[in-house]
Amino acid sequence: MKAYYALTYSEKLKDTLLQWGFNDTIANYIVDFSVFIIILFSSVIVYYILKFVLNRFLKRLVERSSSKWDDYLYEERVFTRLALLIPALILQVALTATLTNHPQAVHYIDLILKLYMIAVFLLVIISFLNAVYKIYGEFEVADSKPIKGYIQIAKIIVYVIGGIVLISAMIGQSPVSILAGLGAISAVLLLIFKDSILGFVAGVQLSGNNMLKIGDWISLSKHNADGIVIDISLVTVKIRNWDNSVTLVPTYTLVTESFMNWRSMMDAGGRRMRRFFLIDVRSIHPVDDEMLNKINELGVLQEIEVPGGGQQTNLGLFRQYIGAYVKNIQGINPDAGVLIRLLQAAETGLPVEITLFTLFQDLSDHEGLQSRLFEHIYSVLPLFGLQAYQRPGTSEFNN
């Protein structure tokens, strides 16, 4: 019955075309291709209907599922893109049955359908790789072992293989023969993909040696980069600086050049403070009873240590005072210890270095505590009879 109705339709359409003035050859072409065009539109309609049903079914399935991987497969449209093969499969089945009298047209349409299906497979694989990247991002190891570079190199491989298969389908040659011909232009390909290859090798080294991960605070003075790593890709590392500007640095630069990673400071829960101030050596003298009374009135030193020789200097007393004062400051790490030492004297005075650790990771809090500490140091120096060294200015020379 189906063949009868199809034949009746063809005869009626041909008679109508002949009545309109078309010759017999053109009428046969139109009749033959009209059936194929009807099947084409029907397959597109079937695709949209199936896509609608599939989307609703998958959406309900994803909402009921507690896992995340199916959400990302749905978001990246892995299954709906796979449904794009349905029109091509329908047309390929109907192709030889509807266009038996036109073998050359069958050949070209079949080639177009093959290229279309290869392109769809490429889209499906790329969507699947994007979903894998998002699924991997849900794990804690994703920050320390990012796979974005590996995903990008996998996409490049997929695109290269897909391009070779597309070219082989168009020219009717085996993909193996095309690969053999690529050996002659391998140097050109290496030049084109130089940054990608270097970035991939650098990404493996950075990840394998745990040198860098997302969230690390790094400093690269050569590239004016000082901030948090927000993305590590195959070719570039994206750094958000302290002023919210973004610096893009080639990935292989982090292997070939030195950079500072502040991760250990973040893991330790604080920062190191190491600064010195200069004392005028002419202001150093032994301590008398009057000065001891002034120092006792400050209420910081509970007990004054006397050196083995029995002679206490105002600088030694000041070092004891600073050590006791620092331990009472909120924000200082008491477990890390405090070191106050004298450096080699020079023509600019006697350097007194203070080394301690704060509990602040934020730079503004750390610098604020450091500023308050040294403001206090310079303010109490006269109480100990000490003077900070400063080079003479114009007014001193004039006087």
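Keep in mind that the numbers below use all heavy atoms, side chains included, and drop hydrogens, waters and symmetry copies. It should be emphasised that the depicted structure is a prediction, and the values quoted were computed from it without experimental measurement.
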Dump the intermediate steps for side chain to side chain contact (heavy atoms under 4.5 Å, CB included) on L369 and I332, then the final yes or no.
-> CA-CA 9 Å; L369 188 147; I332 299 296; 3.7 Å; yes
Are V229 and V246 in one and the same hydrophobic cluster, where Ile, Leu, Val, Met, Phe, Trp and Tyr link if side-chain heavy atoms are under 4.5 Å apart?
-> no
Sequence-distant partners of S379, side chain to side chain donor-acceptor pair (under 3.5 Å), two or more places apart | none
Answer with yes or no whether the hydrophobic clustering places I284 together with F277; edges join I, L, V, M, F, W, Y residues whose side-chain heavy atoms lie under 4.5 Å apart.
-> yes
Given side chain to side chain contact (heavy atoms under 4.5 Å, CB included), test F318 with V380 step by step and report yes or no.
-> CA-CA 9 Å; F318 180 72; V380 298; 3.7 Å; yes
Flag side-chain contact, heavy atom, 4.5 Å: L278 against P351 | yes
Interatomic distance, K114 atom NZ to S168 atom OG [nearest 0.5 angstrom] = 10.0 Å
Set of residues satisfying salt bridge (Lys or Arg N to Asp or Glu O under 4.0 Å) with respect to D216, sequence neighbours excluded | R263
Joint cluster assignment, L82 & L89, ILVMFWY side-chain distance < 4.5 Å = yes
Heavy-atom side-chain contact between V124 and V78 under 4.5 Å = yes
Residue pair I228 / W217, side-chain heavy-atom distance below 4.5 Å | yes
In sequence, state the C-alpha distance, the side-chain angles, and the governing distance for K155 and N130, and then conclude on side chain to side chain contact (heavy atoms under 4.5 Å, CB included).
-> CA-CA 9 Å; K155 288 182 180 179; N130 291 334; 2.6 Å; yes
Does some side-chain heavy atom of L212 sit less than 4.5 Å from a side-chain heavy atom of F259?
-> yes
More than 12 foreign heavy atoms under 6.0 Å from OH of Y116: is that the case here?
-> yes
Which heavy atom of V120 sits nearest a heavy atom of R81, and at what distance?
-> CG1-O, 3.4 Å
Once you round to the nearest 0.5 Å, how far does CD1 of I329 lie from CG of L356?
-> 8.0 Å
Those residues at least two apart in sequence (or on a different chain) that pass side chain to side chain donor-acceptor pair (under 3.5 Å) with D365 are none
Are there more than 12 heavy atoms of other residues, nucleotides or ligands under 6.0 Å from atom CZ of F374?
-> yes
Any pair counted as salt bridge (charged side-chain N to carboxylate O under 4.0 Å, His left out), so long as it reaches residues 318-329, sequence neighbours left out | none
Check whether any side-chain N or O of T236 sits under 3.5 Å from a backbone N or O of V249 as a donor-acceptor pair, and report yes or no.
-> no
Non-hydrogen atoms of P87 and Y47 that approach each other most closely | CG-CB, 3.6 Å
Taking all non-hydrogen atoms of both residues into account, name the closest pair between A169 and I118 and its distance.
-> CB-CD1, 4.3 Å
Check the surroundings of atom NZ in K134: do more than 12 heavy atoms from other residues, nucleotides or ligands lie under 6.0 Å from it?
-> yes
Got a donor-acceptor contact below 3.5 angstrom from the N244 side chain to the R240 backbone?
-> no
Group every Ile, Leu, Val, Met, Phe, Trp and Tyr by side-chain heavy-atom contacts under 4.5 Å, then state whether L248 and I230 land in the same group.
-> no
F41 atom CZ: more than 12 heavy-atom contacts under 6.0 Å = no
Minimum heavy-atom distance between A388 and Y378, given as atom pair plus value = CB-CE2, 3.7 Å
Does R341 have any side chain to side chain donor-acceptor pair (under 3.5 Å) partners at least two apart in sequence or in another chain, and if so, which?
-> E353
L220 and I239, any side-chain heavy atoms less than 4.5 Å apart | yes
Using side chain to side chain donor-acceptor pair (under 3.5 Å) as the criterion, point out the one residue from Q370, H366, R272 that pairs with T358.
-> H366
Interatomic distance, S283 atom OG to L381 atom CG [nearest 0.5 angstrom] = 8.0 Å
Relative to each other, are the rings of Y325 and H376 parallel, tilted or perpendicular (30° and 60° limits)?
-> parallel
Minimal heavy-atom distance between L122 and G162, with the atoms involved, is CD2-CA, 3.7 Å
V281 side chain reached by Y389 side chain, heavy atoms, under 4.5 Å = no
Which heavy atom of E76 sits nearest a heavy atom of A131, and at what distance?
-> CG-N, 3.8 Å
Would a 4.5 Å heavy-atom cut-off, applied to side chains only, mark I377 and V352 as touching?
-> no
Does the side chain of L315 reach to within under 4.5 Å of the side chain of L350, using non-hydrogen atoms?
-> yes
Partners of D288 by side chain to side chain donor-acceptor pair (under 3.5 Å), sequence neighbours excluded?
-> none
Say you draw a straight line from CZ of R274 to CD1 of I354; how long is it, rounded to the nearest 0.5 Å?
-> 12.5 Å
Passes side chain to side chain contact (heavy atoms under 4.5 Å, CB included), I340 versus V326? Steps please.
-> CA-CA 11 Å; I340 303 174; V326 165; 5.6 Å; no
To the nearest 0.5 Å, atom CG of N314 lies from atom OH of Y321 at 14.5 Å
Measuring from I126:CD1 to L123:CG, what's the distance to the nearest 0.5 Å?
-> 8.0 Å
Among the clusters formed by ILVMFWY side chains lying less than 4.5 Å apart, do L113 and I45 turn up in the same one?
-> no
Side-chain donor-acceptor pair present, N241, T247, cut-off under 3.5 Å = yes
